[in-house]
Amino acid sequence: MMKQENDITPSSVKDNKIILFANQKGGVGKTTLCGLFANYLAVNQRVPLLVIDADPQQTFYGRRKDDLRREQAVPYKVQSMTIKSPESTHVIMQNIRLLPGTTMIDTPGSLTQDGMLQLLINADYIICPYHYDLNTIDSTRAFILAVFRLRQAHPEIKAQFIFVCNKHDVRVGKGSELKAWKIVDEYFQKFGILAPRVGNYADLERYNTIGNSDKVDKLTKHSFDFIYHTIYNIENDNE
């Protein structure tokens, strides 16, 4: 499972970057996608990585504690963080901004958390998973617009959205649905970058915090390669 795809690690992966996984809609696979992408970055691309679980449910942090019972070596650190205090969150984010490499943060499912503004102010990218159903689309749209309203009040928010249709059932999609999905994608592209979809497969739900299996790598490669090249400004010359 602990594999490396590249013989040479680009210098750009050592630059300080902060990536949020965020959406106010539950059930879109935010934490799962965060875990899978963390494994991809740390193991496949050898990106120096810290993952912070700022979600009150602490799902990712709990998964790491379970994994440590079976594994001695881990490819990246996982830490827990609460963002109830804007002041303490500000201090933490300023310290993170000084770290080499990438910090990924699994965020709470609401912008009303007091420290959420500090996460947005310091983030470079917001990876936002969504589904093609009406409730999720409406909730995701409301989340995007809320972030952009905050950006008007706080122009220091510079984070770029990367949208990922996650847990997409590739077996369904009538002509009318395909047209509707295209409209949704075109709408989201007005606010950020659209990554290739990630399919709905049981193997992706069985994630850990150590590394992805060969099958999981294959299922996520197209989307994760795109996101990796986008964030680290790397050409597709090492595929």
Test Asp55 against Tyr61 for side chain to side chain donor-acceptor pair (under 3.5 Å), laying out the working first.
CA-CA 9 Å; Asp55 192 319; Tyr61 185 66; over 6 Å; no
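- Nearest approach of Pro48 to Val13, heavy atoms of both residues: CD-O, 3.6 Å.
- Phe60 approaches Cys34 most closely through the heavy-atom pair CE1-C, 4.5 Å.
- Counting only heavy atoms from C-beta outward, the side chains of Gln24 and Ser139 approach each other to under 4.5 Å.
- For Arg63, there are no salt bridge (Lys or Arg N to Asp or Glu O under 4.0 Å) partners, not counting sequence neighbours.
- When the side chains of ILVMFWY residues are joined at heavy-atom separations under 4.5 Å, either directly or via intervening members, Leu99 and Leu119 end up in a single hydrophobic cluster.
- Considering every non-hydrogen atom in both Pro108 and Pro56, the closest pair reads CB-CD, 3.8 Å.
- Cluster annotation: Val28 is not connected to Phe188 through the hydrophobic network of ILVMFWY side chains, with a link wherever side-chain heavy atoms come within less than 4.5 Å.
- Under the 4.5 Å side-chain heavy-atom criterion for ILVMFWY residues, no single connected hydrophobic cluster contains both Leu120 and Val91.
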Identify each donor-acceptor pair in which a side-chain atom of residues 156-165 lies under 3.5 Å from a protein atom, sequence neighbours left out, and give them as a table.
residue: Lys158; atom: NZ; partner: Pro155; partner atom: O; Å: 3.3

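- Judged as a salt bridge (Lys or Arg N to Asp or Glu O under 4.0 Å), not a single pair has a partner in residues 186-195 (not counting sequence neighbours).
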Using side chain to side chain contact (heavy atoms under 4.5 Å, CB included), reason through Arg64 and Val51 one step at a time and then give a plain yes or no.
CA-CA 10 Å; Arg64 166 52 66 89; Val51 177; over 6 Å; no
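- In this view, Tyr201 satisfies the ring-ring contact (aromatic ring centres under 6.0 Å, His included) rule with no residue, not counting sequence neighbours.
- No more than 12 heavy atoms of other residues, nucleotides or ligands sit less than 6.0 Å from atom NE2 of His222.
- The stretch residues 107-123 participates, sequence neighbours left out, in these side-chain hydrogen bond (donor to acceptor under 3.5 Å, both in side chains) pairs: His90-Gln118, Gln94-Asn122, Ser110-Thr112.
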Is there a side chain to side chain contact (heavy atoms under 4.5 Å, CB included) between Lys17 and Ile231 once you walk through the steps?
CA-CA 9 Å; Lys17 290 182 175 61; Ile231 291 175; 3.6 Å; yes
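- For Thr89, the side-chain hydrogen bond (donor to acceptor under 3.5 Å, both in side chains) test picks out no residue, with sequence neighbours left out.
- Connection of Ile137 to Ile183 is not established within any shared hydrophobic cluster, with ILVMFWY side chains joined at heavy-atom distances below 4.5 Å, either directly or through further cluster members.
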Start with the C-alpha gap between Asn212 and Lys218, add the side-chain angles, then the distance that decides, and say whether side chain to side chain contact (heavy atoms under 4.5 Å, CB included) holds.
CA-CA 10 Å; Asn212 298 332; Lys218 183 177 180 180; over 6 Å; no
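- In plain terms, the two heavy atoms of Thr209 and Pro75 that are nearest each other are O-CD, 4.1 Å.
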Run the side chain to side chain contact (heavy atoms under 4.5 Å, CB included) test on Arg149 and Leu111 for me, step by step, so that the C-alpha distance in whole Å, both residues' side-chain angles and the decisive distance to 0.1 Å come before the verdict.
CA-CA 12 Å; Arg149 283 195 295 270; Leu111 287 173; over 6 Å; no
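- For the atom pair OG of Ser223 and CG of Leu33, the computed distance is 7.0 Å after rounding to the nearest 0.5 Å.
- With a 4.5 Å cut-off on side-chain heavy atoms, Tyr76 and Val47 do not count as touching.
- Considering only residues two or more places apart in sequence or on other chains, Lys215 meets the salt bridge (Lys or Arg N to Asp or Glu O under 4.0 Å) condition with Asp203.
- In this structure, the separation between CZ on Phe148 and CZ on Phe143 is 10.5 Å, given to the nearest 0.5 Å.
- Between the side chain of Thr220 and the backbone N or O of Val216, at least one donor-acceptor pair lies under 3.5 Å.
- Qualifying ring-ring contact (aromatic ring centres under 6.0 Å, His included) partners for His168, counting only residues two or more places apart in sequence or in other chains: Tyr132, Trp181.
- A donor-acceptor pair under 3.5 Å is absent between the side-chain atoms of Thr102 and the main chain of Leu49, judged by distance alone.
- With values rounded to the nearest 0.5 angstrom, Ser88 atom OG is found 8.5 Å from Met81 atom CE.
- Looking at Ile210 and Arg70, their side chains never come closer than 4.5 Å, going by heavy atoms from C-beta outward.
- Counting only distance, with no hydrogens or angles, the side chain of Asp67 and the backbone of Asn208 share no donor-acceptor pair below 3.5 Å.
- Within a 6.0 Å sphere centred on CG of Asn233, other residues, nucleotides and ligands contribute 12 heavy atoms or fewer.
- To the nearest 0.5 angstrom, Tyr130 atom OH is 9.0 Å from Thr140 atom OG1.
- A distance of 4.5 Å separates CG of Leu50 from OG1 of Thr103, quoted to the nearest 0.5 Å.
- Among residues at least two apart or in separate chains, salt bridge (Lys or Arg N to Asp or Glu O under 4.0 Å) pairs with a member in residues 86-107 are Lys30-Asp106, Arg97-Asp124.
- Listed by chain and number, the residues in a salt bridge (Lys or Arg N to Asp or Glu O under 4.0 Å) with Asp138 are Arg141 (sequence neighbours excluded).
- Looking at Lys167, its side chain does come within 3.5 Å of a backbone N or O of Gly27 through a donor-acceptor pair.
- Between the OG1 atom of Thr32 and the CZ atom of Phe37 there is a distance of 15.0 Å, given to the nearest 0.5 Å.
- Ser80 meets the side-chain hydrogen bond (donor to acceptor under 3.5 Å, both in side chains) test with Gln58; sequence neighbours excluded.
- Here the closest non-hydrogen pair linking Leu98 and Asn16 is N-ND2, 4.0 Å.
- Taking hydrophobic clusters as Ile, Leu, Val, Met, Phe, Trp and Tyr residues chained together by side-chain heavy-atom distances below 4.5 Å, Leu145 shares a cluster with Leu150.
- Between the side chains of Asp15 and Tyr232, not a single donor N or O lies within less than 3.5 Å of an accepting N or O.
- Defined by atom type and a distance below 3.5 Å, a donor-acceptor pair is missing between the side-chain atoms of Tyr207 and Thr31.
- With sequence neighbours excluded, the residues forming a salt bridge (Lys or Arg N to Asp or Glu O under 4.0 Å) with Asp66 are Arg69, listed by chain and number.
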